[in-house]
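Here's the structure, in structure tokens; my notes come after.
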Amino acid sequence: MDSLVRDLRLAVVQALRDAADPERARGQQAYMKSEMPFHGVTVPVVRKLVAETVRSRPLPGAAAWEQAILALWRSAERREERYAAVELLNHSRHRCWLEPARMAMIEEMVVTGAWWDYVDAIASVAVGQMLNRHPTEVAVLLRRWADDVDIWKRRTAILSQLKRGKSTDEALLFAFIEPSIDEREFFLRKAIGWALRQYSRVNPDAVTAYVERHASRLSALSKREALKALLKSGAVAEIP
């Protein structure tokens with residue numbers, strides 16, 4: 001491991017240890033149903049510590065950045081160390097390094113992380129930004145993920161456009177949902193509803209029509225989540 005990468009990893013881990021709160025850690029572990037213990041550090045504090053470390057120890061290029069992310073991820077003994085790896089991945093300073101070649105690293109994180117706290121942050125930020133920057137190449141990969149046996153790769157594809165707003169590729173969103181629309185898995189049903197709800201904020205008619213068209217296939221959870229904002233505003237009277 002490069003000495004710069006090693007120093008960055010050690011600096012992040014030490015900062016997390018210094019900020020640790022054992023009482024909070026017990027509650028976090030119970031809430032997240034995690035086998036891996038916690039330091040007891042909140043996500044905003046993890047984000048702040050990573051930002052400070054990035055400023056004091058800037059990485060020279062994409063290779064060192066990827067090494068640093070994977071070093072934190074693979075060696076993690078506490079869950080926040082993996083949160084730090086995700087924050088390093090998502091940091092705005094490194095956006096230019098979010099190339100399609102990074103999808104192999106992201107796949108490792110999604111599959112081995114296999115829980116919503118990791119996956120949602122990766123999908124909505126890093127993967128979403130890659131989809132913005134390289135729509136053709138990344139869409140091809142995500143179409144395969146959307147139909148993968150691994151539910152977390154499916155969830156990543158479904159949630160990849162959460163932050164795109166008016167730039168959402170509607171056809172692609174619906175294509176990512178299609179392989180999971182009949183699934184009983186909670187995390188897929190929830191992801192479908194969440195993705196549709198976010199899109200309903202910019203195109204309510206499209207989401208309403210989609211839910212009505214697929215009312216017999218979408219789960220009650222997906223429909224409820226998809227129409228939550230529209231029901232609240234009165235734009236929709238009831239769930240089909």
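- Ring pair Trp65/His94 is tilted by interplanar angle, where 30° to 60° counts as tilted.
- Taking all atoms of both residues into account, the shortest heavy-atom contact from Pro58 to Leu4 is O-CD2, 3.9 Å.
- The closest side-chain heavy-atom distance from Thr42 to Val46 is not below 4.5 Å.
- Ala229 and Ser200 get closest at one heavy-atom pair: CB-OG, 4.3 Å.
- The two residues Ala64 and Val5 make their nearest non-hydrogen contact at O-CG2, 3.6 Å.
- Linking Ile, Leu, Val, Met, Phe, Trp and Tyr residues whenever their side-chain heavy atoms come within less than 4.5 Å places Trp73 and Met36 in a single cluster.
- One finds the NE2 atom of His134 at 11.5 Å from the CG atom of Leu141 (value rounded to the nearest 0.5 Å).
- Using modelled atom types, no side-chain atom of Arg197 and backbone atom of Ala226 make a donor-acceptor pair closer than 3.5 Å.
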Handout entry: Working for salt bridge (charged side-chain N to carboxylate O under 4.0 Å, His left out), residues Lys153 and Glu107
Key = CA-CA 7 Å; Lys153 290 169 73 173; Glu107 181 176 9; 2.7 Å; yes
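- Between Arg102 and Glu66 there is a salt bridge, since at least one side-chain N of the basic residue sits less than 4.0 Å from a carboxylate O of the acidic one.
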Exercise for the section: May I have the step-by-step check of ring-ring contact (aromatic ring centres under 6.0 Å, His included) for Tyr118 and Tyr83, ending in yes or no? Expected result: CA-CA 7 Å; Tyr118 301 134; Tyr83 291 169; 5.8 Å; yes
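- Here the side chains of Leu10 and Val13 are not in contact, with every heavy-atom distance at 4.5 Å or above.
- By the criterion of side-chain heavy atoms lying less than 4.5 angstrom apart, applied directly or through intervening Ile, Leu, Val, Met, Phe, Trp or Tyr residues, Leu59 is grouped together with Val54 in one hydrophobic cluster.
- Partners of Glu108 by salt bridge (Lys or Arg N to Asp or Glu O under 4.0 Å), not counting sequence neighbours, listed by chain and number: Arg74.
- Residue Leu98 comes nearest to Met130 through the heavy atom pair O-CG, 3.2 Å, listed as atom of the first residue, atom of the second, then distance.
- The CG atom of Leu188 sits 11.5 Å away from the CG atom of Asp182 when rounded to the nearest 0.5 Å.
- The shortest side-chain heavy-atom distance between Pro135 and Asp169 does not fall under the 4.5 Å cut-off.
- Using cut-offs of 30° and 60° for the angle between ring planes, the Trp116 and Tyr31 rings count as perpendicular.
- Using a 4.5 Å heavy-atom cutoff, the side chains of Glu80 and Val43 are not in contact.
- Within the 4.5 Å cutoff, no side-chain heavy atoms of Val45 are placed close to those of Leu16.
- Here CG of Leu218 is found 7.5 Å from CD1 of Ile177. Values are rounded to the nearest 0.5 Å.
- Leu49 places none of its side-chain heavy atoms less than 4.5 Å from the side chain of Val12.
- Rounded to the nearest 0.5 Å, atoms CG (Leu227) and CD1 (Ile239) are 6.0 Å apart.
- To the nearest 0.5 angstrom, Leu142 atom CG is 9.0 Å from Gln161 atom CD.
- When atom types are taken as modelled, the side chain of His39 and the backbone of Val41 share no donor-acceptor pair closer than 3.5 angstrom.
- Ser160 and Trp145 are not linked by any side-chain donor-acceptor pair at a separation below 3.5 angstrom, with hydrogens and angles left out of the test.
- Taking both residues in full, the closest heavy atoms of Leu88 and Val50 are given as N-CG1, 4.0 Å, listed atom of the first, atom of the second, then distance.
- In this structure, the salt bridge (Lys or Arg N to Asp or Glu O under 4.0 Å) partners of Arg79, at least two apart in sequence or on a different chain, are Asp117.
- We find that Glu225 and Lys228 are joined by a salt bridge, their nearest charged nitrogen and carboxylate oxygen being less than 4.0 Å apart.
- Between Glu81 and Arg9 there is no salt bridge, since no side-chain N of the basic residue sits under 4.0 Å from a carboxylate O of the acidic one.
- Taking the side chain as every heavy atom from C-beta outward, Leu89 and Met105 approach each other to under 4.5 Å.
- At distances below 3.5 Å, at least one donor-acceptor pair connects side-chain atoms of Gln29 with backbone N or O atoms of Ser34.
- Residues Phe176 and Phe186 are members of one and the same hydrophobic cluster, defined by side-chain heavy-atom contacts under 4.5 angstrom among Ile, Leu, Val, Met, Phe, Trp and Tyr.
- Listed by chain and residue number, Arg217 satisfy the salt bridge (Lys or Arg N to Asp or Glu O under 4.0 Å) test with Glu178 (two or more places apart in sequence, or in another chain).
- Neither Val125 nor Trp115 shares a network with the other; the hydrophobic side chains, linked directly or stepwise wherever heavy atoms of I, L, V, M, F, W or Y lie under 4.5 Å apart, form separate groups for each.
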Practice task
Could you give me the CA-CA distance, side-chain angles and deciding distance for Ser222 and Trp194, then say whether side chain to side chain donor-acceptor pair (under 3.5 Å) is met?
Solution key: CA-CA 8 Å; Ser222 295; Trp194 186 13; over 6 Å; no
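- For the residue pair Pro240 and Lys223, the shortest heavy atom distance occurs at O-NZ, 3.0 Å.
- Transitive grouping of hydrophobic side chains (ILVMFWY, heavy atoms separated by less than 4.5 Å) brings Val119 and Leu221 into a common cluster.
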Exercise for the section: Please lay out, stage by stage, how Arg93 and Arg55 fare under the test side chain to side chain contact (heavy atoms under 4.5 Å, CB included). Expected result: CA-CA 9 Å; Arg93 178 174 289 192; Arg55 282 195 298 272; 4.1 Å; yes
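- Aromatic rings from Trp152 and Phe187 are positioned such that their centres are separated by under 6.0 Å.
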Practice task
In sequence, state the C-alpha distance, the side-chain angles, and the governing distance for Arg155 and Asp120, and then conclude on salt bridge (charged side-chain N to carboxylate O under 4.0 Å, His left out).
Solution key: CA-CA 8 Å; Arg155 185 173 169 105; Asp120 295 2; 2.8 Å; yes
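- From Thr53, atom OG1 reaches atom NZ of Lys48 across 10.0 Å, with rounding to the nearest 0.5 Å.
- Classification of Glu185 and Arg154 as a salt-bridged pair fails, no side-chain N sitting under 4.0 Å from a carboxylate O.
- Between Leu172 and Leu131, the closest side-chain pair of non-hydrogen atoms falls below 4.5 Å.
- Asn90 places no side-chain N or O within donor-acceptor distance of the main-chain N or O of Ile122, the cut-off being under 3.5 Å.
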